[in-house]
Protein chains: 2
Amino acid sequence: MATIREVARAAGVSTATVSRVFSNSPLVSADTAERVLKSAQQLDYWPNSAARSLSTHRTHTIGIMLPDLFGEFYSDLMRGLDREASLHEYQILLSSSHSGGSDVLAASRAMLGRIDGLIMLAPDEKSIDTVERVRRRVPVVLLNPRQPVEGCHSVEVANYDGARRVVEYLLELGHRDLAFVAGPEGNVDAEERRRGFRESLQVAGLDPDQALELPGDFREIAGVEASTVILARHPRPTVVFAANDAMAIGLQSALHRAGCRVPQDISVVGFDNVAMAGYLNPPLTTVNVDACGLGREAVRMMLDVLRASEESAQIRRVIPAALKIRESCSAVEALRAGHKSNSN
Amino acid sequence: MATIREVARAAGVSTATVSRVFSNSPLVSADTAERVLKSAQQLDYWPNSAARSLSTHRTHTIGIMLPDLFGEFYSDLMRGLDREASLHEYQILLSSSHSGGSDVLAASRAMLGRIDGLIMLAPDEKSIDTVERVRRRVPVVLLNPRQPVEGCHSVEVANYDGARRVVEYLLELGHRDLAFVAGPEGNVDAEERRRGFRESLQVAGLDPDQALELPGDFREIAGVEASTVILARHPRPTVVFAANDAMAIGLQSALHRAGCRVPQDISVVGFDNVAMAGYLNPPLTTVNVDACGLGREAVRMMLDVLRASEESAQIRRVIPAALKIRESCSAVEALRAGHKSNSN
DNA sequence: TCATTTTATGAAACCGTTTACATCTGCAGC
DNA sequence: GCTGCAGATGTAAACGGTTTCATAAAATGA
C-alpha cells in the first residue's frame with residue numbers, strides 16, 4: 001500500500017502538495033494536481049484515514065453506543081442514524097450489545113480518538129459517570145436518557161405522553177377496567193409507558209392498583225402469556241394495553257385462538273406502530289413512534305454541535321408520539337352483553 | 001486531554017513504559033505499573049485509538065458495508081454482526097445507505113486505515129471492482145454475493161434452495177396453479193428466490209410462464225396490491241408464494257378483508273420467518289432465514305482470517321433455509337368447491 | 001526597472017502511539 | 001573481580017498523514 005511519500009516522489013512534488021491535492025486545497029495549480037492524481041492512481045494510493053485523523057483531530061465518524069436491542073425499533077433507529085450520517089458523509093462506529101457499567105466505559109474508551117462525537121441510547125444509572133467522562137473529550141447526545149446529564153443534548157420519544165393519550169382515548173370509549181402488559185424491567189421506554197398508564201388512571205380518578213398489570217419483555221410471546229391471565233380474570237378487563245406492538249400482536253393472536261374476538265369481545269392497543277401493525281387482523285390501534293426520526297434528529301443535533309464553534313445551551317428535543325387509531329378498539333357499549341364489564 | 005507524554009512525565013518514566021503498562025506488557029515491574037496507572041487516572045488519560053492503530057496497523061474494527069435496507073432482515077443481520085463482534089471486543093464501522101458504484105468506492109476508501117477487514121452485503125456488478133481493490137488492502141468477506149469474487153470468502157443464505165423447498169411442498173399439497181409475488185429488482189435475495197420458484201416449476205414439468213408472477217418490493221403494501229390481481233384472476237391460483245414475509249402479511253391482510261379465507265380459500269407462503277410470523281392469523285408457513293446467524297458467521301469468518309497467519313483457500317459457507325410449516329397452506333382437495341382450480 | 005503582492009511549492013515540525021534497540025542495574029557463576 | 005545474562009527502563013525512529021512557515025516564482029503596479 002502506497003504512502004503519501006511514494007506518491008510525492010513519483011509525481012516529483014513534496015508530500016505537502018500531495019496532501020493538498022487530496023484535501024481539495026485551492027493552493028495547488030491545476031497541472032500539478034493532475035500529475036499528482038495520475039501518480040496516485042498508478043500506485044493505487046488513497047489517504048490513510050487513521051493517520052489523517054491523528055493530525056487533524058477530526059474523524060468524520062460518530063460513535064453510537066446501544067444496549068442489546070432487538071425488534072423493529074432498533075432497526076428503524078439505526079436506519080435513521082445511518083441515513084442521516086451518510087447523507088453528511090459521516091461514518092458510524094457502532095458498539096452495542098453491552099449491559100451497562102464497566103462494559104460501557106471500556107467500549108467508549110476504545111472509541112476514543114476515532115470519533116468526533118458520541119450518541120448514546122438509554123444510558124442507565126451505571127453509565128452516567130461514563131457519560132460524564134466521555135463528555136470531557138467529545139460532545140455527547142443522549143437518546144431517551146433516564147435523566148438529563150449536564151452538558152449533554154438529548155432527543156427523546158414522548159413515551160409518557162403517548163401512553164397517556166392511549167389511556168385517555170380508552171377512557172373516552174368508556175373503558176374502566178384496563179389491563180396493561182409491561183415492557184422489560186430497567187428499560188426506560190417501558191417504564192415511561194407504564195408511568196403514563198398509571199398516572200392517567202390516577203388523574204381520571206381510577207385506582208391504578210386495581211388495574212391489571214402483567215409483566216412482559218417486548219416480545220410476542222409475552223403477549224401470549226398475558227392472554228391466559230387476562231382470559232381467566234373475572235370480571236374480564238375490557239381492554240388490554242400492551243407496551244409495544246410485538247406483545248400486542250402475540251396477544252391478539254392468542255385471543256383469536258381462544259375464540260375471543262378483537263375488538264368485539266376485548267379491545268387491544270399497542271405501542272410503536274410497526275410496519276405491519278396496519279395489516280393485522282384487525283388493524284392495530286397503536287402509538288406512532290418515529291424511531292427513524294429519533295435517529296435522524298440525534299445525528300443532526302450532533303452535526304450541529306460539531307459545526308458550532310462554541311458550546312450552546314443544552315438542548316432537549318422531543319419526538320412526539322401520536323395515537324394511531326385503527327380498528328382494534330371499540331367502545332364499551334359495543335361489547336357483547338355476556339362479556340360486559342361491571343365498570344365504574 | 002492528556003497524552004502519553006504527560007503521563008510519563010507525571011509518573012517519572014518514559015513514554016515507552018507507559019505504553020507498556022497500557023498494553024499489559026509483562027516487561028514492567030509491578031510498582032512502576034502502579035505508579036503509572038495512578039498518574040494516568042489523575043490525568044484522566046486513556047490511549048488514543050487512532051494513534052495506536054497508526055503504529056500497530058491493527059484497528060480492532062470491522063468495516064461493514066450495506067445497501068439501504070429496511071425490515072427485520074436488516075435488524076437481525078446487524079444484531080448477528082454486532083453481537084459476535086462485541087463478543088470478541090471488536091468494533092464495527094458501519095457505512096450503509098448507498099446504492100452501489102462510486103458511492104461504495106468512496107465509502108470504502110473512507111474506511112481505509114480504520115478497519116482490519118471489510119464485510120460487504122450483496123455487492124452488485126457495479127461494486128465488484130471496488131471489492132477487488134479493497135481486497136488488496138484488507139480481507140473481505142462477502143454476504144450473499146451475486147457472484148463469487150476471487151480471494152474473498154463468502155457467507156450465503158440458501159435462498160434458491162429455500163424457494164425450491166417451498167414449491168416442492170406446495171406441489172405435494174396438490175397445488176398446480178401458483179402465483180408468486182417477487183421482491184425488488186436488483187436484489188440478490190429476491191432474484192434467487194424467484195429463480196428457485198421458476199426452476200422448481202420447470203423441474204416438475206409445469207410451465208413457469210403460465211404461473212402468475214407479480215411485482216413487489218418486499219414491503220407489506222406490495223402484498224396488498226398483489227391481492228387485487230390475484231382475486232380478479234380466473235381461474236384463481238390456489239396458492240400465493242410471497243418472496244418475503246412482509247408481503248405475505250400484506251397479502252393475508254388484504255385477502256381477509258376481501259372475505260377470502262386463508263388457507264380454506266387460498267394458501268399463502270412467505271419467506272424469512274420474521275418474529276411475528278407465528279402469531280399471524282393464520283400462522284404463516286414460511287422459510288426460516290437465520291439473518292442473525294448470517295451476520296454471526298460473517299464475523300467469525302473474518303476473525304478467523306485476521307487471526308490466520310497465511311491466506312487460506314477461499315471459503316464459502318451456506319446458511320440453510322428450512323421450510324417452516326404452519327397453517328397458512330392447505331391441500332388443494334380441501335379447497336372450497338366453488339374456488340377449486342382447474343389445475344393440470 | 002524595481003518594489004510589492006500573489007500564488008505555488010517545499011521543509012520540517014507535529015499529531016499520539018508503539019517498538020526495535022540500546023542502556024543500565026544487579027546478580028549468578030566461575 | 002570478571003563475564004554473561006536477565007530484567008527493567010529509556011531513546012528515538014517509525015506509523016502516514018497535515019499544516020505552519022519560509023521561500024521561490026510569477027504577476028502587478030508605479
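Just so it is clear, the structure is predicted and the values come from calculations on it, not from any experiment. In what follows, chains carry the letters A, B, and so on, assigned in the order in which the sequence lines appear, proteins first and then strands, with residues in each chain numbered from 1.
With hydrogens and angles disregarded, a donor-acceptor distance shorter than 3.5 Å links the side chain of T61(A) to the backbone of T59(A). No side-chain donor-acceptor contact under 3.5 Å links T15(A) to the backbone of A8(A).
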Cut-off 3.5 Å, no hydrogens considered: what does the side-chain donor-acceptor table look like for residues 34-45 of chain B, sequence neighbours left out?
unit_1: R35(B); atom_1: NH1; unit_2: A11(B); atom_2: O; d: 2.6
unit_1: S39(B); atom_1: OG; unit_2: R35(B); atom_2: O; d: 3.2
unit_1: D44(B); atom_1: OD2; unit_2: R136(A); atom_2: NH1; d: 2.7

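Across every non-hydrogen atom of R146(A) and G186(A), the tightest pair is NH2-O, 2.8 Å.
The interatomic distance linking R109(A) (CZ) with dT17(C) (P) rounds to 13 Å, in whole Å.
R52(A) is linked by a side-chain hydrogen bond (donor to acceptor under 3.5 Å, both in side chains) to nothing, counting only residues two or more places apart in sequence or in another chain. A search for side-chain hydrogen bond (donor to acceptor under 3.5 Å, both in side chains) contacts involving D76(B) returns R79(B), not counting sequence neighbours. In this structure Y90(A) satisfies the ring pair (Phe, Tyr, Trp, His ring centres under 6.0 Å) test together with H60(A), sequence neighbours excluded.
Of the residues in residues 28-42 of chain B, those placing a heavy atom less than 4.0 Å from an atom of DNA chain D are V28(B), S29(B), T32(B), in numerical order.
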Query - Where protein sits on nucleotides 15-21 of chain D, one letter per nucleotide: B base, S sugar-phosphate only, - none, heavy atoms under 4.0 Å - result: BBBBBB-

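The distance from the CG atom of N144(B) to the CE atom of M120(B) is 13.0 Å, given to the nearest 0.5 Å.
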